[in-house]
> 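Take a look at this one; I'll ask things after.
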Amino acid sequence: MSDSQSTPAGDNPTDFIRSIITEDQASGAYGGRVVTRFPPEPNGYLHIGHAKSICLNFGVGEQYPGARCHMRFDDTNPTREDIEYVESILADVKWLGFDWGEHLYYASDYFEQLYQYAEQLILDGNAYVDGLTADEMRKYRGTLTEPGRESPDRNRSTEESLDLFRRMRAGEFADGEYVLRAKIDMASPNVNMRDPVLYRIRHAEHHRTGDDWCIYPMYDYAHSLSDSIEGITHSLCTLEFEDHRPLYDWCQEVLGIYRSRQIEFARLNLTHTVMSKRMLRRLVEDNYVAGWDDPRMPTISALRRRGYTPESIRDMCDRVGVARRNTVTELALLEHCLRDDLNRRAQRRMTVLDPLKVVITNYPEQQSEEFEAVNNPEDDSMGARSVPFGREIYIERDDFMENPPRRFYRLAPGQEVRLRYACLITCTDVVKDAHGNVTEVHCAYDPDSRGGNAPDGRRVRGTIHWVSAAHAVPLEVRLYDNLFSDPDPAGAAAGSGDDFVDLINSDSLQVVTAMAEPALSKAEPGERYQFERLGYFCADPDSQPGKPVFNRTTTLRDSWARISRQQG
RNA sequence: UGGGGAUUAGUCUAGUGGUAAGACGCCUGACUCUGGAUCAGGUAUCACAGGUUCGAAUCCUGUAUCCCCAGCCA
């Protein structure tokens with residue numbers, strides 16, 4: 001576990017759900033058991049929003065004595081689901097650092113049991129087979145302000161319903177011909193209680209049960225029963241299921257089975273991204289991004305590829321908390337958590353993203369030497385490495401200005417800066433091309449400043465990173481920015497009537513060839529570094545031996561940007 | 001009055017009758033071989049209006065605003 005400052009040791013409940021569970025434990029409800037579950041439908045990739053639910057459910061599952069969290073797939077709709085998603089979801093949950101142990105389940109494992117319970121419902125007069133078409137059923141359902149009407153089939157005898165239901169299972173009917181409905185109350189102000197459909201006919205191959213079934217249970221029914229079957233004590237779900245709770249309770253109550261308690265919380269929203277499955281799918285399928293794991297996506301697999309650590313994601317979820325209010329969390333919080341984590345853990349390297357050549361005119365040609373650079377100033381145990389230095393080096397183009405503004409402490413004519421870990425240099429001359437662009441900068445170094453400090457103790461405010469031109473290795477670096485500049489793209493699109501894809505930031509990806517110190521040439525995919533003064537970067541799986549590719553995970557905080565903005 | 005929720009600083013979250021806490025962000029300053037990190041300080045009277053009370057973000061009443069629900073999706 002990483003040390004999260006937001007959760008001081010010894011504190012117990014940190015949100016209303018944990019308060020409820022703590023009380024239940026104290027009062028002996030559920031016999032002192034605590035069992036939660038994370039129940040995705042395997043119809044897409046997990047995103048950062050799911051991470052909140054994962055952290056909550058698995059977090060509770062490991063926090064209470066004897067507690068556990070089940071990993072369960074809500075695979076009740078064969079037409080949208082696929083094994084590919086099952087595998088990616090499992091991998092993502094694991095990567096986030098959670099473990100379901102033996103408790104991996106599938107709603108489809110309960111199909112037979114669910115079916116038997118459905119027959120029980122019919123026998124008890126709590127369900128009936130209805131022959132209304134989907135269209136008719138919608139009309140019979142009424143509206144939000146008007147009650148619904150009872151279907152003509154509502155009073156079908158239990159014998160007949162049972163017979164029809166068995167024939168539904170046997171495959172005698174086409175899709176849509178019949179459904180099994182709960183017999184509750186067509187006049188309920190809660191439309192979910194107006195005789196909701198429990199089973200529909202779907203002649204489709206299921207990714208796990210093949211064509212064993214042609215009738216499939218609906219979410220409300222399957223979920224309530226699955227929770228009960230697994231002995232889930234606290235069934236944590238998002239706010240939009242609030243109206244479903246009466247139905248969730250109804251299913252367990254009329255069947256007289258184990259009672260679980262559904263508790264709803266607000267889902268996570270993040271600025272500068274979209275989270276709906278529909279929109280994410282659109283981004284991928286219409287090729288606005290390179291795939292589900294394109295580092296600009298909010299999916300777990302994309303965040304992983306981009307370089308986010310699981311610890312940082314969990315830390316953010318901890319800090320965001322759990323409540324019942326619909327909110328939008330600033331991306332800045334996630335970025336803070338990442339920097340906080342990587343500042344302590346990532347090794348430093350020097351890389352120049354936009355090279356400008358500097359010739360140190362008083363440094364002997366052909367000569368070179370090595371300077372020692374610490375790998376992480378926050379952690380001595382990470383040791384040091386040596387970095388080659390020579391007469392010609394690259395510095396960041398931004399680190400030189402011919403006519404610098406006030407408080408620009410970097411390189412400028414006549415101005416002295418420190419080359420990090422190396423020595424002090426002073427700009428003596430500027431070489432330009434025919435268009436007046438600076439192509440080269442000439443400097444003189446202070447031979448007595450080897451290591452970075454002058455013996456006379458003079459202060460040099462600016463320290464810049466650099467790379468020896470003779471030893472530099474080229475690096476493909478992918479600079480990512482937010483996919484959407486608007487903090488609330490979905491809202492902005494809805495408000496203006498625009499298609500959300502029109503709001504995509506055209507500068508969300510910039511690919512550059514950077515010059516890096518030699519140590520970076522053999523980076524393995526997944527390795528994360530801080531490129532000094534620039535940000536955190538992660539080697540991408542596209543890297544080839546000798547041809548590393550890095551993704552910029554996030555920049556470092558840049559207070560110079562603020563200063564220069566203030567100066568105009 | 002269709003039903004169900006929500007409303008504390010720019011953003012999250014705590015506080016459950018005794019005079020607003022923490023985090024991110026932002027602003028100041030210190031320090032610094034990353035204008036990074038770190039450290040110090042600053043940054044709201046709790047949607048609104050009444051009421052109860054010695055005292056209310058916390059209780060009551062009313063109002064406003066926002067979110068969710070009419071799939072044989074989850």
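Values below: all heavy atoms of this structure, side chains included; hydrogens, waters and symmetry mates excluded. The sequence lines fix the lettering, A, B, ..., with proteins before strands; numbering per chain opens at 1.
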> Determine the Euclidean distance between corresponding P atoms of B:rA23 and B:rA44; express it in Å to zero decimal places.
15 Å
> Ignoring backbone atoms, establish whether A:Arg141 has a side-chain N or O less than 4.0 Å from OP1 or OP2 of B:rC72.
yes
> Quote, to the nearest angstrom, the C1' distance that separates B:rC12 from B:rC26.
15 Å
> Specify whether A:Phe165 and A:Tyr115 have parallel, tilted or perpendicular ring planes, treating 30° as the upper limit for parallel and 60° as the lower limit for perpendicular.
parallel
> Reckon A:Arg349 has a side-chain N or O less than 4.0 Å from the OP1 or OP2 of B:rU34?
no
> Is A:Glu177 touching bases, backbone alone, or none of the nucleic acid, heavy atoms closer than 4.0 Å?
nothing
> Identify which one of A:Phe531, A:Phe537, A:Tyr536 satisfies the ring pair (Phe, Tyr, Trp, His ring centres under 6.0 Å) criterion when paired with A:Phe550.
A:Phe531
> Any strand counts, and the cut-off is 3.5 Å on both contacts for Watson-Crick or G-U wobble. Which nucleotide pairs with B:rA40?
B:rU28
> Under 4.0 Å, heavy atoms only, any strand: does A:Val322 hit a base, just the sugar-phosphate, or nothing?
sugar-phosphate
> Once you round to the nearest 0.5 Å, how far does CG of A:Leu338 lie from CG of A:Asp315?
10.5 Å
> Please measure how far the P atom in B:rC59 lies from the corresponding atom in B:rC46, and state the result in whole Å.
15 Å
> Does the side chain of A:Gln530 get closer than 4.0 angstrom to OP1 or OP2 of B:rA37 through an N or O atom?
no
> Examine A:His272 together with A:Phe484 and report whether their ring centres are nearer than 6.0 Å.
no
> Please state the P separation for the pair B:rA40 and B:rU45 - nearest whole angstrom.
25 Å
> Would you kindly compare A:Thr145 and A:Arg200 by the position of their nearest RNA chain B nucleotide and give the one closer to the 5′ end?
A:Thr145
> With the side chain of A:His244 defined as its heavy atoms from C-beta on, choose the nearest nucleotide among B:rU34, B:rC27, B:rA74.
B:rA74
> Any side-chain N or O of A:Arg267 below 4.0 angstrom from OP1/OP2 of B:rC68?
no
> In whole Å, what is the span from the CG atom of A:Leu239 to the P atom of B:rG3?
19 Å
> C1' atom, B:rA14 versus B:rG51: distance in rounded Å?
28 Å
> Does the structure place the NZ or CZ of A:Arg461 under 6.0 Å from the centre of the six-membered ring of A:Tyr409, at an angle of no more than 45° from the ring's axis?
yes
> Using purine N1 to pyrimidine N3 plus N6-O4 or O6-N4 for Watson-Crick, or N1-O2 and O6-N3 for G-U wobble, each under 3.5 Å, what pairs with B:rA20?
none
> Please figure out whether A:Phe241 or A:Arg420 has its closest RNA chain B nucleotide nearer the 5' end.
A:Arg420
> Please evaluate the base of B:rG3 for a donor-acceptor partner in the side chain of A:Asp243 within a cut-off of under 3.5 Å?
yes
> Closer than 4.0 Å, any side-chain N/O of A:Arg557 to the OP1 or OP2 of B:rA37?
yes
> For B:rG71, decide between syn and anti, treating a glycosidic angle within 90° of 0 as syn.
syn
> Can you tell me how far CG of A:Leu303 sits from OG of A:Ser312, rounded to the nearest 0.5 angstrom?
8.0 Å
> Under 4.0 Å from OP1 or OP2 of B:rC24: is there any side-chain N or O of A:Arg339 that close?
no
> Kindly say whether, by distance alone, the side chain of A:Glu378 makes a donor-acceptor pair under 3.5 Å with the base of B:rG36?
yes
> Which nucleotide in the set B:rG71, B:rC12, B:rC72 lies at the smallest distance from any side-chain heavy atom of A:Ala134?
B:rC72
> Can the ring centroids of A:Tyr106 and A:Phe73 be said to lie less than 6.0 angstrom from one another?
yes
> Any strand is fair game: report the nucleotide pairing with B:rU52 by Watson-Crick or G-U wobble, both distances under 3.5 Å, or none.
none
> Just name whichever nucleotide pairs with B:rG2, Watson-Crick or G-U, keeping both distances under 3.5 Å, else none.
B:rC69
> Is the phosphate of B:rC73 approached by A:Arg278 (side-chain N or O, under 4.0 Å from OP1 or OP2)?
no
> At under 4.0 Å, does any side-chain N or O of A:Arg324 touch on OP1 or OP2 of B:rA6?
yes
> Round to a whole Å and report the spacing from CE of A:Met218 to P of B:rC72.
6 Å
> With a 4.0 Å limit, can you tell me whether A:His336 has a side-chain N or O closer than that to the phosphate oxygens OP1/OP2 of B:rC24?
yes
> Output the distance between atom CG (A:Asp135) and atom OH (A:Tyr140), rounded to the nearest 0.5 Å.
12.5 Å
> Under a 3.5 Å cut-off for both distances, is B:rU63 Watson-Crick or wobble paired, and to whom?
B:rA47
> Roughly how many Å is it from CG in A:Asp318 to P in B:rC24, rounded to a whole number?
14 Å
> Between A:Asp227 and A:Arg72, does any NZ, NE, NH1 or NH2 come within less than 4.0 Å of an OD or OE carboxylate oxygen?
yes
> Is the phosphate of B:rA74 approached by A:Thr76 (side-chain N or O, under 4.0 Å from OP1 or OP2)?
yes
> Rounding to a whole Å, what distance do you find between A:Asn192:CG and B:rC69:P?
10 Å
> If we take the C1' atom in both B:rU58 and B:rA47, what is their distance in whole Å?
15 Å
> Rounded to whole Å, please give me the gap between CG in A:Asn453 and C1' in B:rU32.
12 Å
> To the nearest angstrom, how far is A:Asp74 atom CG from B:rC73 atom P?
14 Å
> Less than 4.0 angstrom from a charged side-chain N to a carboxylate O is my criterion; do A:Arg420 and A:Glu532 meet it?
yes
> Across the strands shown, which category fits A:Pro147 at heavy-atom distances under 4.0 angstrom: base, sugar-phosphate, nothing?
nothing
> Rounded to whole angstroms, how far apart are CZ on A:Arg344 and P on B:rU34?
19 Å
> Look at the side chain of A:Glu330 and decide which nucleotide, out of B:rU32, B:rU13, B:rG10, has an atom nearest to it.
B:rG10
> Provide the distance between the two P atoms, one in B:rA9 and one in B:rA74, to the nearest whole Å.
38 Å
> Taking the same atom, C1', in B:rA56 and in B:rU16, what whole-Å distance lies between them?
11 Å
> OP1, OP2 of B:rG5 versus side-chain N and O of A:Arg325: anything below 4.0 Å?
no
> For A:Thr327, report the nucleic acid contact type (base, sugar-phosphate, nothing); a contact means any heavy atom under 4.0 Å.
sugar-phosphate
> Could you work out which one of B:rC24, B:rC72, B:rU34 sits closest to the side chain of A:Arg319?
B:rC24
> Any side-chain N or O of A:Arg245 below 4.0 angstrom from OP1/OP2 of B:rG5?
no
> So if I take every side-chain heavy atom of A:Leu333 and compare against B:rG2, B:rA23, B:rU34, which nucleotide ends up nearest?
B:rA23
> Which of these nucleotides, B:rG36, B:rC27, B:rG2, is closest to any side-chain atom of A:Pro189?
B:rG2
> Tell me the interatomic distance from A:Asn43, atom CG, to B:rA74, atom P, rounded to whole angstroms.
10 Å
